[in-house]
Enquirer: 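Handing you this structure, nothing more for now.
Note that the structure is a prediction, hence the values are computed from the model and not measured. In each ligand, atom 1 is the first atom listed, and ligand 1 is the first ligand listed. In this chain, numbering begins with 1 at the start of the sequence shown.
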Amino acid sequence: MKKSASQDVAPDASGALDALSHEERVFRPLPKVVLGANLSPRGLEAAQDQAARDYLKFWEEAACELDWYGRWDTVLDDSQAPFYKWFTGGKCNIVYNALDRHIASPNKNKLALIWEGEPGDSRKFTYYELYREVNRFANALRSLGVGKGDRVVIYMPPVPETVVAMLATAKIGAAHSLVFAGFSAKSLRNRIHDAKAKMVVTVDGFYRNGRVVNVKSVVDEALIGIRGGCAETVVVVHRAGVDIELTEPRDVRYEDVVRQERSDASTEVMDAEDTLFLLYSSGTTGKPKGMVHTHGGYMVGINRTFRWVFDIKPTDIFYCTADPGWITGHSYVVYAPLIAGTTTVMYEGHPLYPQADRLWDIIARYGVTIFYTAPTLIRMLMRFGPQYPKRHDLSTVRLLGSVGEPINPEAWLWLHKHIGRSECPIMDTWWQTETGMCMISPLPISPIKPGSVGKPLPGVEAAVVDKNGQPVPPGMGGFLVIKKPWPAMVRNLYNSPEGFRETYWDKIPGVYFAGDMARKDEDGFYFIQGRADDVLVIAGHRLGNAELEAALETHKAVNEAAIIGVPDPIKGEAAKAFVVLNDNWRQEFENEDELVKELIKHIRRELGPIAVIKAVEFRDKLPKTRSGKIMRRVLKAEELGQELGDISVLED
Ligand code: PRX
């Protein structure tokens, strides 16, 4: 990391952030990538021009790439802002686009889904096979009394029936709400209650890290004493041979309910603004919130971004490691790949099972061409060294992607070198459950800086501002905001319209408040500095945690770091680092004290004298959400001896 730290930055009351690092390395795309890209440099210029001139037309054209039952009257209805509506009057169903229309096309017999179980079993579905399975379950849902406007909670691991349940629910016009299978009975119960879900779809159990995880028993516990009207039916998929108790007549087996159903089913005609799904956020900071997403705008946003960011070609095998229970799984494991007629890969189990090369093995065996993953996973796999990817032929990979957290340049470079043969571009995509689609990201034709999420995609107007909404100068950090609505945006928080306004629209009037801190450099590249709640204020300097963490992670002893602010009598706040070491650190240092001193010096060398780390604590692992984000809030509460608050999203 190149640095340019200044000591004379005045304390700033505007909420702007100091930026200590400065990335000068630029990776340029290979000519062959540029030549073959869906969006050429000239096309990008035209798209940016059009979006700047008439962004409603821009999004309208994106909508025209999909199939609709009836055309919209209005592209964007902002009459009740911030409750924006897109493509009002339009009639559609996302499942028509993801499945039905492919059956009359050459995609009919193409692989839609390649699934691999942890023990090594595998199931493959062509578009036609997936279509038939979805239809059978759609008919079963109708037979069980679920219909348009109902909510179905899907408490499932990554198995094919999870995809089937999502698509079948959407097909009949009900809304799905996935709950990640690692959540506790209490979290599941809260979500079922909040959504007033009529049905729960679940599984007996699944394989994870060589063991069978029992899922149905968690559902049983969640449903004890549940209020009437909720979870009237529980559909249980058979996966792992777990001995389960069926509570009749509530519980039915998936295999029994689909057996007698026909393999054709009508697709409900939906208004563009009808709810497609609710998804409760993973919530690093507080109580989970139910995001509402709709059929029309969501499909338009994910389709365009998928085709452009991942440069999708008919021969691609797309592997995104996200669980379908997160937004990344919804948008880029299930819906966008299927809409685009791509083959999507899903893996049930643990990335280290039976060894640290499982993912590389999957890539090699299926000939994966695009690999989209998260920094937490890359850092985990880096620890085992490059000999694991080296065992496999990864030559089919042509594009890489990252999402979910700031990717520190060390992890970026490792991924680029060892998985991408130093030539595959990395799309570091910034987005959120709320945004539904990628918002800021490089494109395969763009120059890239490690650790940067590139620039806003065409049609997305982002900015870095102070707390008054004033733009901060290049190089300074500030609040990341989105200045214009976009089609895949969250429409509301379920049962909490006031919370929706307060969280996203009232903090800085007139713009969407993302809750992240970012800086834009002189070349217009965005760098995410961390969540606004995690900002440190050291001697009047406001610092983002991500920058300090990335600087620590450039030290060879450090695998992963989390930085929090702790009270300091002189500086107001001081930084404390929690560090997970690489296994080889002992070879270099005699004891931990010496290493602590070295790390404190290292970060000072990297970022300059403002970046003072007061204390370093070594940990075997860091507290993370179930989606892999570091929970600094928990570290801080532990450090200060405070209540931990809601920790239902914690991994363990
Ligand atoms: O803080 C940002 C971080 O993840 C948050 C959104 O989390 P979630 O709603 O769970 O969705 C994750 C998958 C889209 C953001 O507010 N984040 C996401 N992508 C990046 C990121 N931080 C830095 N770089 C990214 N590429």
Side-chain angles (χ1 to χ4, degrees), residues 23 178 180 277-286 288-291 293 298 301-302 305-306 309 320-333 335-336 372-379 400-409 411-412 415 426-442 448-457 462 464 477 479-482 488-490 493 503-504 507 512-519 525-535 544-547 549-550 562 624-633 649 651:
E23 183 57 64
L178 272 90
F180 174 70
F277 62 84
L278 307 180
L279 187 55
Y280 288 84
S281 74
S282 56
T284 43
T285 47
K289 305 169 282 209
M291 318 271 170
H293 282 279
Y298 177 75
I302 61 170
T305 51
F306 185 63
V309 172
C320 168
T321 57
D323 189 286
W326 309 124
I327 190 70
T328 311
H330 282 54
S331 299
Y332 299 111
V333 175
Y335 284 113
Y372 188 28
T373 190
T376 180
L377 193 56
I378 298 163
R379 288 192 291 262
L400 297 163
S402 172
V403 63
E405 277 190 301
I407 179 165
N408 51 305
W412 194 100
L415 181 68
I426 301 178
M427 303 299 104
D428 181 3
T429 59
W430 177 87
W431 58 294
Q432 309 177 296
T433 308
E434 290 85 341
T435 69
M437 64 182 211
C438 296
M439 301 289 280
I440 307 180
S441 169
I448 303 179
K449 296 188 182 184
S452 164
V453 292
K455 302 180 182 181
L457 291 169
V464 179
F479 300 103
L480 178 57
V481 298
I482 310 293
M489 65 198 299
V490 57
L493 290 182
T503 315
Y504 307 113
K507 294 240 162 68
Y512 170 82
F513 182 83
D516 280 349
M517 307 304 293
R519 77 184 155 85
F525 284 79
Y526 281 68
F527 292 80
I528 306 296
Q529 297 174 300
R531 295 292 295 166
D533 307 291
D534 292 330
V535 163
N545 55 287
E547 212 171 21
E549 289 162 5
K624 290 188 179 174
T625 64
R626 289 159 203 275
S627 62
K629 293 184 204 296
I630 298 171
M631 284 187 84
R632 297 172 191 81
R633 174 174 73 75
V649 298
E651 206 170 25

Enquirer: Which part of K629 is near ligand 1, with near meaning a heavy atom under 4.0 Å away: side chain, backbone, both or neither?
Expert: side chain

Enquirer: Geometry only, no angles: is T328 polar-contacting ligand 1 at N/O separations under 3.5 Å?
Expert: no

Enquirer: Between F513 and Y504, does the ring centre distance come in under 6.0 Å?
Expert: no

Enquirer: Between T433 and S281, does any side-chain donor sit less than 3.5 Å from a side-chain acceptor?
Expert: no

Enquirer: Of the listed options (P406, S627, G404), which comes nearest to atom 3 (C) of ligand 1 when hydrogens are ignored and any heavy atom counts?
Expert: G404

Enquirer: Examine the proximity of ligand 1 to D516 and report which part, side chain or backbone, both or neither, has a heavy atom under 4.0 Å away.
Expert: side chain

Enquirer: Any idea which atoms of ligand 1 are less than 4.0 Å away from a heavy-atom of I528?
Expert: 22 (N), 23 (C), 24 (N)

Enquirer: With a 4.0 Å cut-off on N to O distance, would you call K624 and E405 a salt bridge?
Expert: no

Enquirer: Polar contacts were defined as any N/O atom of the residue lying under 3.5 Å from an N/O atom of the ligand; does this apply to T429 and ligand 1?
Expert: yes

Enquirer: Below a 4.0 angstrom heavy-atom separation, can you tell me which part of T435, side chain or backbone, both or neither, approaches ligand 1?
Expert: neither

Enquirer: Return the orientation label for the Y298 and H293 ring planes: parallel under 30°, perpendicular over 60°, tilted otherwise.
Expert: tilted

Enquirer: Among I440, V403, T433, which one has a heavy atom closest to atom 8 (P) of ligand 1?
Expert: T433

Enquirer: Could K455 and F525 be counted as a cation-pi pair, given that NZ or CZ must be under 6.0 Å from the ring centre and within 45° of the axis?
Expert: yes

Enquirer: Out of M439, M489, E434, K507, which one pairs with Y512 under the side chain to side chain contact (heavy atoms under 4.5 Å, CB included) rule?
Expert: E434

